[in-house]
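Below: one structure, written as structure tokens.
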Amino acid sequence: MEIKNQKSILAAAQIILKSNYTIALVGAGLSVGSGIPTFRGAGGLWTKLGEPSNNEYETFLKNPTAWWDQNLNSQIDPERTNFRNAIEKARPNSGHFALVELENIDVLKHQITQNIDNLHYVAGSSKVTEIHGNRTKLRCTTCELRWHREEFDEVSPFWQDILPPKCPTCSGIIKPDTVMFGEPIPISILNSCVNETNLADCILVIGTSATVFPAASFPQEVLSSGGNIIEINPEDTPISEFAATSVKGPTESSLPKLLQEIKRLIANDNI
Ligand code: APR
């Protein structure tokens, strides 16, 4: 396996360096190295609890006061508590830092992440679109203004006493920034993803089961416009058969190896 993987890492590095605009689609697998479980597969949160129903957002809209009251005051499922605690104490891993360096050397132009754990930013990435939101933020459902939770506590100190929280700018109803099942992706976020995908001639599909849309459609978009898919995942996914090359193994080790190979090729100027 090791020699095969070294070949796929070299192939991936060569494709990336021959591309003009490489982006990444990132999933929960990147944060496994930070102690956060995935959603699907062995030990996944939905594997344990079942996939949430697609009416989570509809339920929120029907009675946001009740939703907020339950979210703030009632006990949640122990599995969700474990997941929440894992995210709270998580720190970026070597996979996140490899992506920061690929951004810094202008090889990686943008990351579309499905992860809500904020670890890309903590690691130092800046060119990121969080298609499923960010759990450390709140968002107005009308004007899409966002605040970090502690910022909002300053803006509206007693918001937890007057539910649902309202936007101080447009009086829209505020919800967690994390996109709920059944919730449309906020239009400004979707536009950013579409723009980046349209620019890309190479997409790294990193640590995602590639089963949740619209995120899972982006690799096919890049492929259909003549670009390359490079998959980085220990397992096969529905994307694997379309990938120019697949780098197997956990991203906490495979991404640093890919970064090292890219820097070696650049240093030897044999792109
Ligand atoms: N390194 C890289 N990838 C890994 C690792 C690892 N150490 N461990 C597991 N994986 C891979 C699995 O093989 C799988 O393909 O990570 C992927 C995790 O898949 P999911 O749990 O489905 O996570 P993701 O693809 O991000 O889910 C997409 O679904 O429920 C929604 O909003 C949620 O953003 C999430 C979306």
Side-chain angles (χ1 to χ4, degrees), residues 1 5 8-9 12 24-57 77 79-80 82-84 86-87 90-99 111-120 123 128-135 137 139 175-186 189-190 193 203-220 229-243 246-259:
M1 171 64 99
N5 233 13
S8 57
I9 286 172
L25 172 66
V26 179
L30 180 69
S31 296
V32 164
S34 300
I36 302 175
T38 59
F39 295 98
R40 299 168 187 86
L45 185 62
W46 304 149
T47 308
K48 292 176 182 170
L49 300 182
E51 293 268 336
S53 64
N54 251 337
N55 65 0
E56 186 185 13
Y57 188 52
D77 180 284
E79 287 299 343
R80 280 182 183 262
N82 293 338
F83 189 83
R84 194 177 279 187
I87 287 191
R91 305 295 303 149
N93 65 65
S94 45
H96 293 98
F97 292 120
L99 293 173
Q111 296 177 71
I112 297 169
T113 189
Q114 301 171 92
N115 298 344
I116 60 168
D117 54 33
N118 199 43
L119 292 182
H120 293 282
V128 181
T129 299
E130 295 172 305
I131 188 171
H132 293 158
N134 182 317
R135 65 176 304 279
K137 294 182 182 174
R139 170 171 35 96
K175 68 177 286 293
D177 185 37
T178 304
V179 174
M180 293 175 176
F181 276 78
E183 179 180 0
I185 304 295
I189 295 290
L190 190 59
C193 295
I203 184 166
L204 313 182
V205 184
I206 301 171
T208 178
S209 60
T211 51
V212 173
F213 290 81
S217 67
F218 300 146
Q220 293 296 357
I229 295 173
I230 294 173
E231 184 167 50
I232 307 173
N233 193 320
E235 310 288 339
D236 282 343
T237 73
I239 290 287
S240 302
E241 62 177 295
F242 303 103
S246 286
V247 176
K248 294 297 179 204
T251 41
E252 51 272 28
S253 57
S254 54
L255 280 173
K257 285 178 188 158
L258 176 61
L259 168 68

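Start at 1 and go down the list; that is how both ligands and their atoms are numbered. These numbers come from a predicted model, not from an experiment.
A heavy-atom cutoff of 4.0 Å around ligand 1 is satisfied by the protein residues Gly27, Ala28, Gly29, Val32, Thr38, Phe39, Arg40, Trp46, Gln114, His132, Phe181, Gly207, Thr208, Ser209, Val212, Asn233, Pro234, Glu235, Pro250, Thr251, Glu252.
In this structure, the side chain of Asp77 engages the main chain of Glu79 through a donor-acceptor pair within 3.5 Å. Put simply, the side chain of Asn115 gets close to the backbone of Gly27: a donor and an acceptor are under 3.5 Å apart. Proximity of a side-chain donor or acceptor of Asn93 to a complementary backbone N or O of Leu30 within less than 3.5 Å is detected.
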Evaluate Asn5 against Val247 for side chain to side chain contact (heavy atoms under 4.5 Å, CB included), listing each step before the verdict. CA-CA 6 Å; Asn5 233 13; Val247 176; 4.3 Å; yes
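Under the 3.5 Å distance criterion, with hydrogens and angles disregarded, a donor-acceptor pair is assigned to the side chains of Asn118 and Asn134.
At a threshold of 4.5 Å between non-hydrogen side-chain atoms, the residues Pro37 and Lys48 do not count as touching.
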